[in-house]
Each structure stands twice: as structure tokens, then as C-alpha cells.
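What follows is one structure encoded as C-alpha cells, with my remarks underneath.
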Amino acid sequence: MAQKIATREAYGNALAEFGADERIVVLDADLSKSTKTETFKKKYPERFFNMGIAEGNMMAVAAGMASCGKIVFASTFSVFASQRACEQIRNSICYPNLNVKIGASHAGISVGEDGASHQAIEDIAIMRSIPNMTVICPADAVSTRHAVKAAIEHDGPVFLRLGRLAVPVIYDESNFHFELGKGITISEGKDVTIIATGLMVSMAIEAGKMLEEKGISARIIDMHTIKPIDKELIINSAKETGAIVTAEEHTVMGGLGSAVAEVLSENYPVPVKMVGIMDEFGKSGKPDALLKMYGLTAENIVEKAQAAIAMKNR
Amino acid sequence: MDKQKLKELVKEFRKKATIIRKHIIEEVYNAGSGHPGGSLSCTDILTVLYFHEMNVDPGNPRWEDRDRFVLSKGHCAPALYATLAEKGFFPREDLVTLRHADSYLEGHPNMNTVPGVDMSTGSLGQGISAAVGMALAGKLDRKDYRVYALLGDGELQEGQVWEALMAAAHYKLDNLVAFLDHNGLQIDGKITEVMSPEVVEDKFRAFGWKVINVNGHDYVQIMEALAEARKTKGKPVMIVADTIKGKGVSFMENAAGWHGSAPNKEQRDRAIAELDEYLSKLEVE
Ligand SMILES: Cc1ncc(C[n+]2csc(CCOP(=O)(O)OP(=O)(O)O)c2C)c(N)n1
Ligand SMILES: [Mg+2]
């Protein structure tokens, strides 16, 4: 079985790995042990600043530092980053287009036992609607490392959506290529395309195998960058497979599914089925139990894929 | 500074501030909207900052080692723009394009379109945090630039202000000086009636800041406070400036109604006439 690593873990490691760059500064809001910015703090304590439990202030402080040439990573749980500090991100970071990277961990219901108050299921929708913001939701540890690198190289605000749960490592560092705004085609297929993001990518891979057993050939895409979204890949996949399934650990309102549907309805309408959370809050429980409960499994993807294909043949 | 020199300097500030006040009236009049009251109350502070205290270069607005200024009460952009134009950051003639669709002079400060603006503001409570970030970056880089911020007294009602003040004291940001434009008014009336932030000095001290009280229209007091702030080590400094909202235009003084409305033609003429009269008095003095 594949090795499992949480993307937050990979985030902390990547910050430490690339942290030699003196421009990099890391801020946290009393969650450095959970967001894993502690890994950076241990290596570069002079460039780590705890801002206390004051997320709004942290984001605007990050903006001020960025205006002085710093590449600032500001971390907290995604609920607090995307929602408590939403307006600070909008007005102090995105409007002036400052070089702040928001490391938002504990996204989605796979947070588990802490329950709904700590499970961000709206963050993609909110963050992608803000001009100048780039939104990345990496699927595993390898792509997280590359996403952090890309965020450092990108000049402007980036929202990095990270998970608490250890997830399978699906990529091989030796032949992995990451480009901001370009989805990764994991496997080719002709009957349907499954576009997934975050931890749903490994479920999509599993779903692809299950579909294959049923004689259905599914193309699997890892859409790590949700904004700017890879329009070309989406349109080509619609043309070549005629049906799309999206899969995200996020509400179906305004997230990856919506982003894909926006592209298709304007350019090449085909049936789109969405796997995601259906306009409800999460709850406490073991991550795996919650993923099942909320319909975020490979089986759910398979069902939706079959439904999308059926619609195509209407 | 000897007495004669100081007297001349004060006279220069008076003239400069009056010219800035005239610009404010023209900007808001030509825009047909904007915030004259709070702009007029902070004019003297901005005059001392930009024409005495701060180390900036109008020819190189993004100069790395410059002192920074954050207008946390961003709605007073007319005062900041007028000051920056007088300092030479952009042509004075452009001021009357404020808030026009084809102008770079946004209704609230935009750091990417207006030369000399160090931070985009407008949402109250956020600018002071950005100033904390700039001061923190300065410390980290061992630079000796200083960071100045200007807060409104109604703005103090934003919880984020106190988060920022706490952080500034925690990180011992003695390169940070904030002014409180203590004019006693906000949109809906007196700050003490809407939601009192008083006693502000006690609160600032409790949050770890050094507090200096000044009359915000007294140039000597403002200069002295800034000099004292430079000598202060280990903590940030809050200069509580008692001011008059609408200062310099008789019918706008201490009137909450002039917080965010533009004068009509007759009012504009009257305001300009008053300021011109003051200017000509200064000439003969
Ligand atoms: C977060 C936020 N809420 C509301 C406003 C609208 N607003 C603009 S100015 C103002 C009153 C400000 O009063 P004060 O801080 O005392 O400013 P001054 O008297 O110096 O003009 C308000 C409520 C805003 N700009 N930002
Ligand atoms: Mg006021």
C-alpha cells in the first residue's frame, strides 16, 4: 500500500526545505503544531512570528511585510483563514495584489473529530471569487512540495488548501511535473473524465480502476490549481469523453465542480455530475466514516460517472 | 532649533496645510462625494509628517529604505493625496480627478495606482495591522526606516485595531508611531454616544504603548512628540492628537454631517474664500 502523508505535513517540510530564501517569513496564529509551520520555525526561528489567536490581524500584518519585499506564508486552519479573515485577505492582500501565501490547513470534513466548526467546506468557493487570488489544492505530499515551490515563485496572493488527514502518496518525485494552472492527466480514458482535487484525487484513481472493471474507460485529472483553472484541459476532455464528473471535499456550491461547469457551459456543454458536500455542515467522527457518510468515496464517483455517461447517451 | 527658525517653520507649515485644505475642498467638490471632515482634521499631522518628519523621495516612491505611512482611516484619502501632490509625488492638477472613472486617484488609497501611497486601505482597522507588518519587516531586515500610521477614533471600535496594538507591543516595535485623530466624531455622531472607546490613553498604555498627548493642530507639539517618539526604545508610540473635525472651514468644524458629504458650489466657494483669506493673512504677518 502507498505511503500516507498529510498535505499539511508536506507543507511544513517544504517551508523548511525552501526556507533558506531570506525573503521567506512564516506567520501562524497559535496553530503551528497543527499547521506544521513548526517545522519551519525550528529551522529558521528568526523568520517565524507567532501572531497569536488573531487571524484578521495576521493577514494584514502579512500584507504589510509583503509590501516590504517579504514572501509571507500565513497559516491557520482554513475556516479561520478563509472566513474569519476573509475580508482582510480581500482588502489588504488581494486588492493590493501582495505576495502573501495563505497556508490553510484542516480543510474539508476529513478534519474529523473536531467537527463542523473546524471543517472548512466553503473555502474554495470564497477564495476563488476574489480577484488576484490563486487557489491550489494539492492531492498528496509530492504535489504539495511542488505547490509550495510554485507559490514562492509566483508573485501574488496564493491560497494553499491543505488537509489534516494522512493521504496516499500518488506521485513519484523523480518524474513529477507541476505547473501552476495546469491540471495533471493521471490516466487517459474515452468514456468519461473525472476531474478531482485534493484528497479526492486518490479516490478518483480508485474509481477509475473500478470503472475499468465495468468496461468503462475513465480519464482521471488532478486539478490541483482551481484558480486559474485549466480551461483548455477541461474543454478538450469534454470534447474527447463527452461527460464529466468532478470530485472535491467541499460544498458543491462554488467549488471545483462549479468552476468546471462555468468553463463548460460557456464553451462546450456536456453532462457534469458533482461529487461533493450537499449544502450541509460536517460533523464529528472518524475521517473515513465522515467521507463515507457525506458521499465522498470512490464508489460515489463511480455512481456519478455512470450517471454522467447515461446522460450523455440520452 | 532656534526661536526664529522655528517660527518660520511653523509659518511654512501653516501655509502648506492651508493649501492642502484648499485641495481637499476642491477634490471632494469635483468628485461630488468624499470625506472632508476627517481629511481636514488630520491635515496638520500629515503636513508635519511629510514636510518635516518622514524620509521619502518623491522621485522614487518605492525606495526601499523610505519611511512608510499608512492611512488606516483610508476614507481620508483626499488629505493624503493633497499632501503627496504638494510633496511632488504627482501633479497637483490631477487632484480634481479624484473618484473619476478615468483617474488613478481611487476613492480610498490604492498603493498600486497612486505614487507615494504605501498601503491600500479603506476598510477600517486593517491599516494599522499592515503598519505593524512593515515595522516588523524593518526590524527583521535591521533597517532604520520608520513606520507611521494614522487611526480614526471611531476606527478604534474595530477589534482588529487592538489585535494590532497588542502585536506591536509584543514585538517591541519602537520603529512604529501611530497617530490617533481624536476628533470625537464618527458617521453617526459622537464617538462617546455611538460606542465609546474612551479612555483611549489608558487603553493604549494597557496595551503596552507609550502615549503622548498633543493638540493635533499645534505644529510644535506634533514635532516635539515625534522627536520624543524617536528617542523611545522598546515600545511603539501612540500620539493622541486632539483635533477638530472639519478644521479650517468654519461651517464644517465639529459637524458630524461633514464626515462624508461634498460641498455644493456655494459651500465650496465659501470654504475656498475662508482659506484664501487665511493665506493672505499669513502673507502679511
Ligand atoms: C470596516 C469598515 N466599516 C465601516 C466603514 C465605513 N466608514 C467610513 S468612515 C467611518 C467612520 C470613521 O470614523 P473615524 O474613525 O472617527 O474617522 P474620522 O472621524 O477621522 O473621519 C465609517 C464607519 C469602513 N470604511 N470600514
Ligand atoms: Mg473621528
Side-chain angles (χ1 to χ4, degrees), chain A residues 19 21-30 41 44-74 76 80 84-102 130-132 155-157, chain B residues 61-70 72 74 106 108-114 117-143 145-149 158-173 175-176:
Chain A
D21 185 334
E22 292 274 339
R23 295 171 302 167
I24 294 176
V25 170
V26 177
L27 309 181
D28 207 300
D30 197 32
K41 175 184 163 182
Y44 301 105
E46 69 288 351
R47 280 188 276 123
F48 175 89
F49 297 93
N50 207 322
M51 299 313 296
I53 313 158
E55 297 78 12
N57 180 57
M58 173 172 76
M59 294 305 171
V61 166
M65 296 186 94
S67 80
C68 297
K70 301 294 174 198
I71 299 171
V72 190
F73 281 81
T76 180
F80 313 134
R84 170 71 64 102
C86 177
E87 203 240 349
Q88 285 80 2
I89 291 173
R90 179 195 188 273
N91 275 325
S92 289
I93 296 172
C94 290
Y95 176 46
N97 203 13
L98 288 165
N99 217 1
V100 177
K101 321 300 169 185
I102 295 146
I130 306 176
N132 290 339
D155 187 20
Chain B
R62 295 252 168 138
W63 173 39
E64 274 184 26
D65 295 330
R66 73 189 185 281
D67 289 340
R68 270 103 172 143
F69 174 73
V70 180
S72 200
E106 286 293 313
H108 291 82
N110 181 328
M111 64 183 284
N112 291 322
T113 63
V114 188
V117 170
D118 293 319
M119 184 66 205
S120 300
T121 51
S123 177
L124 294 170
Q126 298 190 24
I128 182 70
S129 299
V132 168
M134 292 172 184
L136 204 51
K139 287 275 179 199
L140 185 58
D141 290 340
R142 297 196 170 75
K143 297 237 182 198
Y145 66 73
R146 295 174 67 73
V147 181
Y148 300 88
E158 279 290 353
Q160 186 178 342
V161 170
W162 303 96
E163 297 180 3
L165 297 187
M166 189 162 34
H170 180 82
Y171 285 109
K172 303 185 169 57
L173 301 179
N175 53 348
L176 175 64

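Lettering of chains follows the sequences in order, A, B, ..., and the numbering in each one begins at 1.
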Partners passing salt bridge (charged side-chain N to carboxylate O under 4.0 Å, His left out) against K101(A) (at least two apart in sequence or in another chain): none
Heavy atoms from other residues, nucleotides or ligands near CZ of R146(B) exceed 12 (cutoff 6.0 Å): yes
side-chain hydrogen bond (donor to acceptor under 3.5 Å, both in side chains) partners for N97(A), two or more places apart: none
Separation of R68(B) CZ from C68(A) SG (nearest 0.5 Å): 4.0 Å
Inter- and intrachain pairs under salt bridge (Lys or Arg N to Asp or Glu O under 4.0 Å), touching residues 50-64 of chain A, at least two apart: none
K139(B) atom NZ, neighbour heavy-atom count above 12 within 6.0 Å: yes
Residue-level interface, residues 125-132 of chain B with chain A, non-hydrogen cut-off under 4.5 Å: Q126(B), S129(B), A130(B), V132(B)
Atom pair CD/CD of Q88(A) and E163(B) - distance to nearest 0.5 Å: 8.0 Å
Segment of V25(A) engaging chain B (4.5 angstrom heavy-atom cut-off): side chain
Residue D21(A) excluded, over 12 heavy atoms near CG under 6.0 Å: yes
E64(B), CD: over 12 other non-hydrogen atoms inside 6.0 angstrom: no
Nearest atoms (heavy-atom pairs only) where A137(B) meets M65(A): N-CE, 3.9 Å
Residue among A63(A), A62(A), G52(A), S67(A) with most heavy-atom pairs under 4.5 Å to chain B: S67(A)
Donor + acceptor pair across side chains of N112(B), Y95(A) (<3.5 Å): no
Under 4.5 Å from a heavy atom of chain A, the part of E106(B) involved: side chain
Crowding at CZ, R90(A) (>12 non-hydrogen neighbours, <6.0 Å): no
pair K70(A)-L140(B): side-chain heavy atoms closer than 4.5 Å: yes
Contact origin within E87(A) toward chain B - heavy atom pairs under 4.5 Å: both
Spatial distance of atom CG (L98(A)) from atom CE (M111(B)) [nearest 0.5 Å]: 4.5 Å
